[in-house]
Amino acid sequence: MSKQFDVVVIGGGPGGYIAAIRAAQLGMNVACIDEWKNAAGGPAPGGTCTNVGCIPSKALLQSSEHFEHANKHFADHGISTGKVTMDVAKMVGRKDAVVKQNNDGILYLFKKNKVSFFHGRGSFVKAAEGGYEIKVAGAAEETLVAKQVIVATGSNARALPGVAFDEEHILSNDGALRIGAVPKKLGVIGSGVIGLEMGSVWRRLGADVTVLEGLPTFLGAVDEQIAKEAKKAFDKQGLKVELGVKIGEIKAGKKGVSVAYTNAKGEAASLDVDKLIVSIGRVPNTIGLNAEAVGLQLGDRGEIVVDGDCKTNLPGVWAVGDVVRGPMLAHKAEEEGVAVAERIAGQHGHVNFNTIPWVIYTSPEIAWVGRTEQQLKADGVKYKAGTFPFLANGRARALGDTTGMVKFLADAATDEILGVHIVGPMASELISEAVVAMEFKASAEDIARICHAHPSLSEATKEAALAVDKRTLNF
Ligand code: FAD
Ligand code: NAI
């Protein structure tokens with residue numbers, strides 16, 4: 001017997017579970033299918049983000065930052081600790097507990113919002129009367145029918161051609177989050193978001209980390225001035241990043257991994273490490289979805305093809321998050337999930353792609369929203385720039401964390417904020433003010449004239465806005 005729903009969501013990551021909750025809030029009868037299993041084989045909704053992405057990486061970043069503070073910075077505050085040691089198993093266990101709290105939280109939210117949760121793999125069977133027939137293959141097999149289907153099946157780590165992840169020596173994000181002991185030497189391929197975050201975790205814990213990056217520029221998508229400042233900080237910390245390399249043969253053996261590559265000068269080079277993280281981007285995931293059974297259109301990268309409203313080529317089938325075009329970010333997936341649920345309910349759900357913030361949770365943190373200086377130049381936009389260094393911010397001095405700056409880019413004629421770029425302490429939190437400002441089409445002067453608490457890091461934001469008009473007060 002099939003079970004009838006208004007909406008079936010396939011995938012319970014940030015895109016899927018949030019879409020399911022929003023659709024239920026809007027009065028629809030909703031099911032969410034997710035196949036992720038915890039170590040005991042039970043349900044672990046939350047997707048990549050909760051299980052092997054945003055949440056566990058931030059837990060390890062926090063632990064490793066505490067360790068680095070205790071080792072290197074407590075003494076500045078007059079605190080002596082003796083020899084500081086790290087129990088890696090305990091740190092990883094804490095991370096797992098944080099993940100479980102989030103898995104359990106989502107199961108609770110499903111109950112609270114009356115979303116029916118099915119643990120197993122969801123796949124299209126056929127177009128059926130009243131919508132689509134979806135099979136759930138889990139501990140038990142179920143058949144669901146729904147008028148509206150939201151696909152939110154996420155993404156998987158991209159492997160180098162011919163170099164499979166064994167999660168013992170050659171690690172994806174999954175293995176990188178459960179290394180059992182600090183490796184002496186850690187290699188990372190790709191100096192993107194995962195490479196820098198995971199490289200930072202294991203460097204702080206004592207690993208000798210080398211990151212090999214294919215492109216000649218560091219963090220090409222980031223504002224150049226900000227990327228330069230970040231690179232200076234990483235160099236000082238001893239996180240080695242080699243740009244412009246061409247990866248050759250990779251051999252993994254009992255003793256570790258050997259990476260042959262050509263360096264930026266065109267010379268043959270090699271890197272021998274205990275473990276190698278490969279973080280060269282992610283690929284949309286439609287494995288097991290049986291998209292072909294209903295003729296769901298996929299693009300060249302394996303992504304589900306959608307329009308600006310997340311509509312696929314099939315009536316009543318929508319797709320959101322990492323499995324579609326656009327940045328692979330949890331909050332982007334969530335916004336799309338909410339917007340689709342609202343569109344199904346006949347409302348006007350909307351996602352503003354121009355104000356999606358990016359954050360890299362290294363130390364210093366890097367965060368931005370809107371266009372970079374190089375993008376504005378390429379677009380031929382006349383702009384004014386204002387920067388303010390954390391070195392001149394009282395709160396940053398009190399924290400002992402004065403690296404970096406806030407940078408504003410505003411339209412030369414109208415003063416509308418076009419981009420805000422931050423490298424420094426708590427950039428991840430500071431960027432929200434810029435997102436709100438840009439969402440309301442604020443000018444730099446608007447921010448410059450708003451009262452900011454003293455002493456706070458957010459005063460650097462205000463001062464950077466003042467700097468657009470060349471009238472900083474504290475620098
Ligand atoms: P996913 O989270 O991948 O969820 C998809 C879910 O669908 C999974 O549970 C999967 O098991 C399930 N599924 C797939 N196919 C089926 C099927 N046929 N049937 C049933 N279930 C299925 N983003 C940020 O914004 N901030 C961060 O700090 C951040 N950190 C990250 C750190 C790492 C190491 C990684 C790898 C990613 C990080 N991301 C971060 C990216 C973020 O995790 C993704 O953008 C986000 O998870 C995408 O959400 P989603 O719902 O589209 O897909
Ligand atoms: P990425 O796209 O951020 O970085 C990949 C890097 O690998 C790029 O610099 C690229 O030039 C390089 N590269 C690609 N192929 C290469 C090759 N063959 N040899 C050498 N270098 C190569 O991808 P990453 O780090 O894997 O992360 C995937 C996605 O996950 C991110 O794009 C982001 O969307 C998401 N994520 C977000 C986080 C956050 O918001 N804080 C944290 C971690 C991941």
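Every number for a ligand or one of its atoms is a count from 1 in the order of the listing. For the numbers below, each heavy atom of this structure counts, side chains included, while hydrogens, waters and symmetry mates do not. Please read all numbers here as calculations on a predicted model, not as lab measurements.
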**Q** Need the ligand 2 atom indices (1-based, order shown) with element for anything under 4.0 Å from a heavy-atom of Tyr361.
**A**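 In order of number, 41 (N).
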**Q** Out of curiosity, Ile247 CD1 to Ile189 CD1, how far, rounded to the nearest 0.5 Å?
**A** 4.0 Å
**Q** Restricting to non-hydrogen atoms, name the atom on Lys407 and the atom on Ile226 that form the minimum distance, rounded to 0.1 Å.
**A**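 Closest heavy-atom pair between Lys407 and Ile226: CB-CD1, 4.3 Å.
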**Q** Would you kindly specify which portion of Ala157 sits under 4.0 Å from ligand 1, judged on non-hydrogen atoms: side chain, backbone, both or neither?
**A** neither
**Q** To check your reading of the model: name the closest protein heavy atom to atom 4 (O) of ligand 2, its residue, and the distance in Å.
**A**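 The protein heavy atom lying closest is Gly192 CA, 3.2 Å.
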**Q** Please state which option from Asn156, Asn285, Asn290 has its nearest heavy atom closest to atom 14 (C) of ligand 1.
**A**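 Checking each option, the heavy atom nearest atom 14 (C) of ligand 1 is found in Asn285.
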**Q** Looking only at protein heavy atoms, which one is nearest to atom 28 (O) of ligand 1, and what is the separation?
**A** Lys58 NZ, 2.6 Å
**Q** If the cut-off is 4.0 Å to any non-hydrogen atom of Ser57, which atoms of ligand 1 fall inside it?
**A** 32 (C)
**Q** Can you sort out which atoms of ligand 1 are near Ile33, meaning under 4.0 Å from one of its heavy atoms?
**A**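 Here the atoms of ligand 1 in question are 20 (C), 21 (N).
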**Q** If you count every heavy atom of other residues, nucleotides or ligands that lies below 6.0 Å from Glu429 atom CD, does the total exceed 12?
**A** no
**Q** Closest non-hydrogen protein atom to atom 26 (N) of ligand 1, residue and atom name please, with distance?
**A**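 For this ligand atom, the closest protein heavy atom is Cys54 SG, 3.8 Å.
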**Q** Could you tell me whether Arg121 and ligand 1 have an N or O pair separated by under 3.5 Å?
**A** no
**Q** So is Ile194 polar-close to ligand 1, meaning N/O to N/O under 3.5 Å?
**A**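 No: no nitrogen or oxygen of Ile194 is under 3.5 Å from one in ligand 1.
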**Q** Just wondering, more than 12 heavy atoms not from Lys147 lying within 6.0 Å of its NZ?
**A**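 No, NZ of Lys147 has 12 or fewer neighbouring heavy atoms, counting only those of other groups under 6.0 Å.
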**Q** Of Ala44, Ser279, Ala330, which has the heavy atom at the shortest distance from atom 23 (N) of ligand 1?
**A** Ala330
**Q** Ligand 1 versus Arg282, non-hydrogen atoms closer than 4.0 Å: side chain, backbone, both, neither?
**A**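 It is the side chain that touches ligand 1; the backbone stays farther off.
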**Q** Provide the number and element of each atom of ligand 1 under 4.0 Å from a heavy atom of Cys49.
**A** 2 (O), 43 (O), 47 (O)
**Q** Kindly give the heavy-atom pair with the smallest separation between Leu177 and Val52, and that separation in Å.
**A** CD1-O, 3.3 Å
**Q** Considering only protein heavy atoms, which is closest to atom 5 (C) of ligand 2, and at what distance to one decimal place?
**A**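 Looking only at protein heavy atoms, the one closest to atom 5 (C) of ligand 2 is Ser279 O, 3.5 Å.
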**Q** I'd like the name of whichever of Val320, Val52, Ile356, Asp34 reaches closest to atom 34 (C) of ligand 1 through any heavy atom.
**A**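 Residue with the shortest heavy-atom distance to the ligand atom: Val52.
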**Q** Do any nitrogen or oxygen atoms of Tyr361 lie less than 3.5 angstrom from nitrogen or oxygen atoms of ligand 1?
**A** no
**Q** In terms of relative ring orientation, are Trp368 and Trp358 parallel, tilted or perpendicular, with 30° and 60° separating the classes?
**A** parallel
**Q** May I ask you to list the atoms of ligand 2 that are less than 4.0 angstrom from any heavy atom of Glu197?
**A**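 In order of numbering, the contacting atoms are 41 (N), 42 (C).
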**Q** Can you list the ligand 2 atoms lying under 4.0 Å from a non-hydrogen atom of Ile189?
**A**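 It comes down to these atoms of ligand 2: 19 (N), 20 (C).
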**Q** Any atoms of ligand 2 less than 4.0 Å from a non-hydrogen atom of Met328? List them with their elements.
**A** 33 (C), 34 (O), 35 (C)
**Q** One thing to verify: whether Glu142 and Lys3 come together as a salt bridge, which I'm taking to mean a side-chain N less than 4.0 angstrom from a carboxylate O.
**A** yes
**Q** Write out the residue and atom name of the closest protein heavy atom to atom 51 (O) of ligand 1, then the distance separating them to 0.1 Å.
**A**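 The answer is Gly15 N, 2.9 Å.
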**Q** Please write down residue, atom name and distance for the protein heavy atom closest to atom 17 (C) of ligand 2.
**A** Ile280 CG2, 4.0 Å
**Q** Within a distance under 4.0 Å of any heavy atom of Ile247, pick out the atoms of ligand 2 and give their elements.
**A**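 The list of qualifying atoms is 19 (N).
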**Q** Take atom CE in Met438; do more than 12 heavy atoms of anything else shown fall under 6.0 Å from it?
**A**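 Yes - once you tally the heavy atoms of other residues, nucleotides and ligands closer than 6.0 Å, there are more than 12.
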**Q** With a 6.0 Å cut-off (strictly less than), is the heavy-atom count around NZ of Lys231, excluding the residue itself, greater than 12?
**A** yes
**Q** Heavy-atom count around Lys240 NZ within 6.0 Å, excluding the residue itself: above 12?
**A**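 Buried by this count: over 12 neighbours within 6.0 Å.
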**Q** What is the nearest protein non-hydrogen atom to atom 20 (C) of ligand 1, stated with its residue, atom name and distance?
**A**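 Of the protein heavy atoms, Gly120 O, 3.3 Å lies nearest.
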**Q** For residues Ala152 and Gly15, report the shortest heavy-atom separation together with the two atoms involved.
**A**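 Heavy atoms of Ala152 and Gly15 come nearest at CB-C, 4.1 Å.
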**Q** Does Gly288, backbone or side chain, put an N or O under 3.5 Å from an N or O of ligand 1?
**A**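 N/O-N/O distance below 3.5 Å does not exist for this pair.
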**Q** Name the closest protein heavy atom to atom 37 (C) of ligand 2, giving the residue it belongs to and the distance to 0.1 Å.
**A**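 Looking at atom 37 (C) of ligand 2, the protein heavy atom closest to it is Val193 CG1, 3.8 Å.
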**Q** Can you see which heavy atom on Ile10 is nearest to which on Ile134, and at what distance?
**A**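 Taking Ile10 first and Ile134 second, the nearest heavy atoms are CD1-CD1, 3.9 Å.
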**Q** Could you identify the single nearest non-hydrogen protein atom to atom 9 (O) of ligand 2 and state the distance to 0.1 Å?
**A** Glu213 OE1, 2.7 Å
**Q** Closer than 4.0 angstrom: is that true for some heavy atom of Gly281 and an atom of ligand 2?
**A**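 Heavy atoms of Gly281 do come under 4.0 Å of ligand 2.
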**Q** Looking at CD1 of Ile366 and CD of Glu229, how far apart are the two atoms once the value is rounded to the nearest 0.5 Å?
**A** 10.5 Å
**Q** Examine Glu197 against ligand 1 and note whether any of their N/O atoms are separated by less than 3.5 Å.
**A** no
**Q** Report the nearest protein non-hydrogen atom to atom 5 (C) of ligand 1: residue, atom name, distance rounded to 0.1 Å.
**A** Ala152 O, 3.4 Å
**Q** Which protein heavy atom lies closest to atom 20 (C) of ligand 2, and at what distance to 0.1 Å?
**A**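 Nearest protein contact, heavy atoms only, for atom 20 (C) of ligand 2 is Gly214 N, 3.2 Å.
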**Q** Counting neighbours of CD on Gln375 that are heavy atoms of other residues, nucleotides or ligands and sit closer than 6.0 Å, is the number greater than 12?
**A**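 Yes - once you tally the heavy atoms of other residues, nucleotides and ligands closer than 6.0 Å, there are more than 12.
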**Q** For atom 35 (C) of ligand 1, what's the nearest protein heavy-atom neighbour? Residue, atom name and distance, please.
**A** Gly53 CA, 3.6 Å
**Q** Considering only non-hydrogen protein atoms, determine which one is nearest to atom 11 (O) of ligand 1 and report residue, atom name and distance to 0.1 Å.
**A** Trp36 CE3, 3.4 Å
**Q** Leu215 heavy atoms, cut-off 4.0 Å: which ligand 2 atoms fall inside?
**A**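 So the answer, numbered in order with elements, is 11 (O).
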**Q** Need the ligand 2 atom indices (1-based, order shown) with element for anything under 4.0 Å from a heavy-atom of Leu329.
**A**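 Taking each heavy atom of Leu329 in turn, ligand 2 has 40 (O) under 4.0 Å.
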**Q** Output the list of atoms in ligand 1 that are nearer than 4.0 Å to some heavy atom of Asn173, sorted by atom number.
**A**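 That gives atoms 34 (C), 36 (C) of ligand 1.
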**Q** Examine the proximity of ligand 1 to Ala333 and report which part, side chain or backbone, both or neither, has a heavy atom under 4.0 Å away.
**A** side chain
**Q** Using a 4.0 Å cut-off to any heavy atom of Gly47, which atoms of ligand 1 qualify?
**A**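 Counting from 1, the qualifying ligand atoms are 2 (O), 4 (O), 8 (C), 9 (O).
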**Q** How far is atom 41 (N) of ligand 2 from the closest protein heavy atom, and which atom is that?
**A** Val359 O, 2.7 Å
**Q** Ser155 heavy atoms, cut-off 4.0 Å: which ligand 1 atoms fall inside?
**A** 3 (O)
**Q** May I ask which of Leu160, Ile194, Leu61 has a heavy atom nearer to atom 44 (C) of ligand 2 than the others do?
**A**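 Selected option, by shortest heavy-atom distance: Ile194.
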**Q** Which heavy atom of the protein is the closest neighbour of atom 7 (O) of ligand 2, given with residue, atom name and distance?
**A**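 Among all protein heavy atoms, the one nearest atom 7 (O) of ligand 2 is Gly190 CA, 3.3 Å.
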**Q** Give the minimum heavy-atom separation between Gly321 and Ala333, together with the two atoms involved.
**A** CA-CB, 3.6 Å
**Q** Could you identify the single nearest non-hydrogen protein atom to atom 19 (N) of ligand 1 and state the distance to 0.1 Å?
**A** Gly122 N, 2.8 Å
**Q** Between Tyr17 and Phe110, how do the two ring planes meet: parallel, tilted or perpendicular, split at 30° and 60°?
**A**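 Judged by the thresholds at 30° and 60°, the geometry between Tyr17 and Phe110 is perpendicular.
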**Q** Numbering the atoms of ligand 1 from 1, which are under 4.0 Å from a heavy atom of Gly154?
**A** 1 (P), 3 (O), 5 (C), 52 (O), 53 (O)
**Q** Just which atoms of ligand 1 are under 4.0 Å from any heavy atom in Gly321?
**A**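 Those atoms are 52 (O).
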